[in-house]
Amino acid sequence: MTTFENIVVEDHDNGVVLIKINRPDKLNALSPEVFVDLKAATEQIAARSDVRAVILTGEGRAFVAGADISAMVNFSMDEAKVYGQTGHDVMDAIAALPVPVIAALNGFTLGGGLELALACDLIYASEKAKIGLPEVGLAIIPGFGGTQRLGRLIGWQAAREMVFTGKTIDANEAKRLGLVLEVFAPESLIDSVLEIANTIASRGPLAIKTAKEVMTKGSELSLKEGNAVEVGGFAALWPSADRQEGMSAFVEKRAAVFTGK
Ligand code: COA
């Protein structure tokens, strides 16, 4: 795995990869360089067949405190458009990874930081997390998916309140809203999230991939169309060696050993 300037990519047991955004002196703000590193790391992970889950977190006091305001301050309108599109491309590439991506919010999760978390499949937080979309305070709007993904996750009214007020909420309030799944003590956040990732990694890899695929597709379809996608995914797993192994192991009362085939 390549070494990056702005992120750290670590291989953990059982095919779990942890990506840590590593600009703590700037609260991990998403500079153009961070986007380049995130995109490259995402492409490398997408090309690997041994990865079962990805965890995204931040070094220091922040997950990510937003897009890099210093980099944006003198942008022309055209440059702003390119930056917005770049952010979307990175978020989309993360969302499209064929394995579950878990955001572990260790601290400030603001603006582009929350948008990055929203591109993930599962979001967990430390008690220290502070979460919000403060862009209107800069007289701009969220530009990396915040106006679109947040409402789809927590409902449009709660999302409108967060976007219109730009307020920062704590982890427990985020849990109440369904924005984060669980809140952990800061010192146990990564271990807790690794445990969840390991549970996912212990299941049939093709089943996890297919589940993500059909749920992602279904979220943009009518129920009828989504159910048809599910039928296709359910049947497509039948010829897999892991499907045979999973069912045989159950019948033979032993633990299944999956190969991802
Ligand atoms: N872009 C660029 N730099 C940022 C940043 C951002 N989004 N967020 C923090 N930083 C930098 C600060 O400029 C500071 O750098 P410096 O030490 O060179 O001056 C450093 O990170 C530490 O931040 P600081 O503001 O001193 O920490 P704090 O604890 O006083 O405040 C926040 C923390 C998160 C409340 C505050 O940094 C903040 O409001 N950040 C911007 C959040 C935002 O509006 N995000 C949306 C952007 S579209």
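Keep in mind it's a predicted model, so treat the numbers as computed, not measured. Start at 1 and go down the list; that is how both ligands and their atoms are numbered.
Of the protein's non-hydrogen atoms, Ala29 CB, 4.0 Å is the one closest to atom 5 (C) of ligand 1. Of the protein's heavy atoms, Leu27 CD1, 3.6 Å lies nearest to atom 37 (O) of ligand 1. In terms of protein heavy-atom proximity, atom 44 (O) of ligand 1 is nearest to Pro134 CG, 3.6 Å. The closest protein non-hydrogen atom to atom 14 (C) of ligand 1 is Asp25 O, 4.3 Å. Distance from atom 40 (N) of ligand 1 to its nearest protein heavy atom, with residue and atom name: Ala65 O, 4.4 Å. Closest protein heavy atom to atom 11 (C) of ligand 1: Lys26 CA, 3.9 Å.
At least one protein heavy atom sits closer than 4.0 Å to atom 16 (P) of ligand 1. In this structure, atom 19 (O) of ligand 1 has no protein heavy-atom contact shorter than 4.0 Å. Of the protein's heavy atoms, none falls inside 4.0 Å of atom 30 (O) of ligand 1. There is a protein heavy atom closer than 4.0 angstrom to atom 34 (C) of ligand 1.
Ligand 1 has a nitrogen or oxygen under 3.5 angstrom from a nitrogen or oxygen of Ala67. In terms of N/O distances under 3.5 Å, ligand 1 is approached by Arg61. Remark: ligand 1 and Ile69 share an N or O pair separated by less than 3.5 Å (distance only, no angle test).
With respect to the salt-bridge test (charged N to carboxylate O, under 4.0 angstrom), the residues Lys167 and Glu161 qualify. Between Asp121 and Lys212 there is a salt bridge, since a side-chain N of the basic residue sits under 4.0 Å from a carboxylate O of the acidic one. Salt bridge status for Glu245 with Arg254: present, with a side-chain N to carboxylate O gap under 4.0 Å.
In this structure, CG in Leu56 is found 9.0 Å from CG in Leu97, a value given to the nearest 0.5 Å. To the nearest 0.5 Å, atoms CD (Glu135) and CG (Leu138) are separated by 7.0 Å.
Heavy-atom proximity to Leu110, at under 4.0 Å, picks out these atoms of ligand 1: 34 (C), 42 (C). Less than 4.0 angstrom separates some heavy atom of Phe108 from each of these atoms of ligand 1: 33 (C), 34 (C). Below 4.0 Å from some heavy atom of Glu135 lie the following atoms of ligand 1, by number and element: 48 (S). Residue contact check: Asp68 has heavy atoms under 4.0 Å from atoms 1 (N), 2 (C) of ligand 1.
At least one donor-acceptor pair closer than 3.5 Å links the side chain of Glu115 to the backbone N or O of Gly143. Judged by distance alone, with hydrogens and angles left aside, the side-chain atoms of Thr165 form no donor-acceptor pair with the main-chain N or O of Val163 at under 3.5 Å.
The two residues Val257 and Asp242 make their nearest non-hydrogen contact at O-OD1, 4.4 Å.
The local environment of CD in Glu252 is crowded, with over 12 non-hydrogen atoms from other residues, nucleotides or ligands closer than 6.0 Å. Within 6.0 Å of the CZ atom in Phe234, the count of heavy atoms belonging to other residues, nucleotides or ligands does not exceed 12.
Using the six-membered ring where Trp is involved, Phe184 and Tyr124 have ring planes that are tilted, between 30° and 60° apart.
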